[in-house]
Novice: 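First, the structure itself, so that you have it in front of you.
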Amino acid sequence: MALLKSLLALAAASASLLAQTASAASSAGCGKEPTLTGTSPYSLTVNSKQRQYYIKLPPAYNNTHPYKLIFTFHALGGQASQVVAGTGGYLPWYGLPALDTDNTAIYVAPNGLNLGWGNQGGEDLAFTDAMIKTVEADLCVDTEHRYSTGFSYGASMSYAIACARAKDFRAVAVLSGGPMSGCTGGKDPIAWYNQHGVSDQVLPIALGRQMRDQYVTNNGCTKKTVPEPAKGSGTHIKTVFEGCKYPTTFVAFDGPHTPQPMDKGESKTFAADESWAFFQQFKQE
Ligand SMILES: *[C@@H]1O[C@H](CO)[C@@H](O)[C@H](O)[C@H]1NC(C)=O
């Protein structure tokens, strides 16, 4: 009887915890007059270094509506301003806002140090934490819907986020990445998408397979043989794993180190469509 009572108390406690989590999905910035509304970069000082990031608000930003928060990290030698403008081989904000026709998200494009994401001593994760804190204090964010994507070094940074911040982020989309930003922790499950070119000469596809296998394991998916397209086939093959705690998807494409792979005869990349579809499957309450 005493056991039953304490079990009931435990159930009640976890139910109220769940209720708290649900209502905690709105950030402190909800209801506030926003200040992060400009198109110039914003600055933050993290570990005594000046860091910069750009923000893209949805058109007709509504300060009582909790938006998704999507980080878009640039590649080595790239800059956030290129991600913003859609120059230097990037689509604007990785092509996601163009697909976000319901205007569901706030986008963040941060600038790396030395044009990359070395994450020395965890400083780029600390920068990410600081951006989340600052942005969510000012803007209305659904704190259960934070996402990260990027290409190459930006993919590595998104992988580092999956490794170290799985509880803070809903999903990542890792485009031709590797472990260059490190992997602290690396054991927690998180919704995982990665894509990689079979002819990548910069970060060989073996790195993409390794990261994928790590999340197939972390997410408890059923292991299976993953097909890859033949070189010269001009195609891509998407593998959706089954039995996973969180969605887990891998795309191998016939192509090199590129943020915008295209199938033969196509004039449009599948990368933005796949990343967006992957993020979109998580419905806001
Ligand atoms: C703003 O967002 C809230 C919460 O989603 C919604 O109830 C309200 O209708 C929205 N206002 C406008 C003008 O769209």
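These values consider heavy atoms only, across backbone and side chains, with no hydrogens, waters or symmetry-generated copies. Every number for a ligand or one of its atoms is a count from 1 in the order of the listing.
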Novice: Under the 3.5 angstrom rule, does the side chain of N119 hit a backbone N or O of L125 as a donor-acceptor pair?
Specialist: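 Yes.
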Novice: For atom 5 (O) of ligand 1, grab the closest protein heavy atom and report residue, atom and distance to one decimal in Å.
Specialist: H65 ND1, 3.0 Å
Novice: Between T64 and ligand 1, find which residue part has any heavy-atom pair under 4.0 Å and reply side chain, backbone, both or neither.
Specialist: both
Novice: Suppose I only count heavy atoms of N62 and a 4.0 Å limit; which atoms of ligand 1 are within that range?
Specialist: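 Answer for ligand 1: 1 (C), 2 (O), 3 (C), 8 (C), 10 (C), 11 (N), 12 (C), 14 (O).
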Novice: Aromatic contact between H236 and F270, with the criterion being ring centroids under 6.0 Å apart: yes or no?
Specialist: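 When the ring centroids of H236 and F270 are compared, they turn out to be within the sub-6.0 Å range.
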Novice: Think R212 forms a cation-pi with F250, using NZ or CZ under 6.0 Å from the six-ring centre and within 45 degrees of its axis?
Specialist: yes
Novice: Return a yes/no value: protein heavy atom under 4.0 Å from atom 14 (O) of ligand 1?
Specialist: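 Given the 4.0 Å cut-off, atom 14 (O) of ligand 1 counts as touching protein heavy atoms.
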Novice: Looking at atom 2 (O) of ligand 1, tell me if a protein heavy atom falls under 4.0 Å from it.
Specialist: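 Within 4.0 Å of atom 2 (O) of ligand 1, protein heavy atoms are found.
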Novice: Verify the ring-centre separation between F151 and F73: is it less than 6.0 angstrom?
Specialist: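 No: the rings miss the under 6.0 Å criterion.
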Novice: Is it the case that the side chains of N219 and T248 hold a donor-acceptor pair, with the cut-off being a distance below 3.5 Å and no angle test?
Specialist: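 The criterion, which ignores hydrogens and geometry beyond distance, is satisfied for N219 and T248.
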